[in-house]
Amino acid sequence: MKVASWNVNSLNVRLPHVLEWLESAQPDILGLQETKLTDEKFPRQAIREAGYEVVFTGQKTYNGVAVLARSPISDVITDLPGIEDPQRRVLGVTVDGVRFINLYVPNGKAVDSDKYGYKLDWLKKLRDWLAAECERHERVVVVGDFNIAPTDADVHDPDAWRDQILCSAPEREALQRLLDLGFTDSFRAFEQPEMAFSWWDYRMNNFKRNRGLRIDLILTSPAITASLQSSTIERDPRTWERPSDHTPVAARFA
DNA sequence: ATGGTAGTTGAACTA
């Protein structure tokens with residue numbers, strides 16, 4: 001099975017990119033973030049015609065997540081349980097016996113902003129929910145834009161990013177609390193090239209200069225990790241015309 | 001040190 005994650009930064013703009021990539025990459029399950037579409041505007045027909053089931057939860061202008069799958073989708077969750085939040089960032093589904101959780105973790109803006117506190121609080125609540133999900137399901141995959149670079153190896157210039165948003169110690173510790181549940185950062189389960197990133201700011205020719213961060217992750221529970229075959233960054237779509245600032249990440253397992 | 005770009009919405013906000 002091939003699973004993937006892609007922050008598309010507006011599905012309205014990126015639908016052609018997504019259809020092209022589905023055709024070439026053939027993922028079984030794909031989690032999208034930052035669709036930026038209300039549900040009535042979601043392009044469900046185009047995606048169905050491409051051969052994928054789809055579920056989504058969106059809002060106007062910001063956030064929004066979707067899951068596309070070759071097989072039927074069931075047991076859909078659209079919120080962290082017990083938390084009232086208009087921001088559409090969570091989509092948990094079951095496909096082919098895999099519990100697939102798609103996340104758009106809050107960005108946080110800056111370590112001294114209110115949004116940073118919201119991010120850390122959100123991650124704490126996420127941890128508790130994932131702990132419960134792991135009780136209920138053995139085969140769990142958590143994908144998404146985590147808005148956290150796990151280590152300095154995931155940052156083009158660690159000194160410039162030291163203690164900055166996406167790289168601060170509290171964010172990395174919050175991610176570690178998730179990994180403590182038994183999850184593996186699947187990308188690091190394999191030998192990888194250095195300076196491998198999934199996001200490059202649009203500004204300053206950052207992609208051309210490979211000034212990026214790896215903040216899009218695929219976490220696997222032990223039962224999945226045991227049969228992991230690969231975990232890669234699919235860099236191609238970032239080279240296309242009018243790209244998202246993120247590129248897809250993917251993992252294969254038996 | 002600042003602003004650089006992109007998307008949505010319609011001058012400002014988020015990333």
Side-chain angles (χ1 to χ4, degrees), chain A residues 5-21 30-44 46-47 56-66 85-91 102-123 126 143-150 154-168 170-172 174-175 197-217 233 235-249:
Chain A
S5 174
W6 193 2
N7 179 325
V8 292
N9 185 21
S10 168
L11 185 55
N12 198 33
V13 173
R14 238 64 71 181
L15 179 61
H17 303 65
V18 170
L19 296 175
E20 175 70 27
W21 191 72
L30 170 61
L32 300 179
Q33 306 89 35
E34 284 205 271
T35 55
K36 300 186 175 180
L37 288 172
T38 53
D39 290 350
E40 65 271 15
K41 292 191 174 167
F42 194 92
R44 60 162 76 208
I47 288 168
F56 43 84
T57 182
Q59 66 183 90
K60 199 172 174 181
T61 312
Y62 302 119
N63 309 314
V65 285
D85 189 348
Q87 301 187 30
R88 305 290 76 210
R89 300 179 174 279
V90 176
L91 202 42
N102 179 33
L103 303 174
Y104 178 45
V105 175
N107 173 284
K109 190 180 171 83
V111 293
D112 60 358
S113 80
D114 292 348
K115 292 189 173 69
Y116 184 70
Y118 167 74
K119 178 179 195 173
L120 293 179
D121 185 54
W122 193 94
L123 286 164
L126 171 66
V143 314
D145 176 359
F146 281 72
N147 271 314
I148 303 171
D154 304 304
V155 180
H156 69 89
D157 185 346
D159 289 330
W161 281 88
R162 182 100 40 225
D163 298 324
Q164 301 297 305
I165 195 68
L166 313 185
C167 297
S168 72
E171 291 167 88
R172 286 176 170 173
L175 175 61
F197 309 123
S198 66
W199 167 79
W200 301 259
D201 193 294
Y202 284 121
R203 295 168 283 193
M204 308 284 287
N205 278 318
N206 273 346
F207 179 65
K208 199 183 289 181
R209 300 154 73 193
N210 197 31
R211 297 171 60 84
L213 270 59
R214 189 176 68 92
I215 56 177
D216 299 273
L217 310 178
I233 295 171
R235 205 168 174 283
D236 243 38
R238 192 61 176 77
T239 70
W240 297 349
E241 281 299 312
R242 209 178 177 194
S244 169
D245 46 350
H246 296 249
T247 208
V249 296

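A, B, ... follow the sequence lines: proteins, then strands. Residue 1 opens every chain.
The nearest whole Å value for the distance from the CZ atom in R242(A) to the P atom in dT5(B) is 15 Å. The distance from atom CH2 of W240(A) to atom C1' of dA6(B) is 19 Å, rounded to the nearest whole Å. Atom P of nucleotide dA12(B) and atom NZ of K60(A) are separated by 18 Å, given to the nearest angstrom. Between the P atom of dT8(B) and the CD atom of Q59(A) lies a distance of 14 Å, rounded to the nearest Å. Between the CZ atom of R209(A) and the P atom of dT5(B) there is a distance of 13 Å, given to the nearest Å.
For the C1' atoms, the distance linking dG4(B) with dA15(B) amounts to 14 Å, nearest Å. Using P as the reference atom, dG10(B) and dT14(B) are 14 Å apart when rounded to the nearest Å.
In this structure, F42(A) and F56(A) have parallel ring planes: the angle between them is below the 30° cut-off, well short of the 60° mark.
Note that the CG atom of N210(A) and the CZ atom of R235(A) stand 5.5 Å from one another [nearest 0.5 Å].
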Would you list the protein and nucleotides 13-15 of chain B atom pairs, both N or O, that sit under 3.5 Å from each other?
| unit_1 | atom_1 | unit_2 | atom_2 | d |
| --- | --- | --- | --- | --- |
| dT14(B) | OP1 | K115(A) | NZ | 3.2 |

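Other residues, nucleotides and ligands place no more than 12 heavy atoms under 6.0 Å from the CD atom of E241(A). With a 6.0 Å radius and a threshold of 12 heavy atoms from other residues, nucleotides or ligands, R44(A) has its CZ atom at or below the threshold.
The phosphate of dT8(B) has OP1 or OP2 within less than 4.0 Å of a side-chain N or O from S10(A).
N12(A) comes within 4.0 angstrom of the backbone, heavy atoms only, and of no base.
Using a 4.5 Å heavy-atom threshold, the side chains of N107(A) and K115(A) count as separate.
Under the side-chain contact (heavy atoms from CB on, under 4.5 Å) test applied with P150(A), the options I215(A), V155(A), L175(A) reduce to a single match, L175(A).
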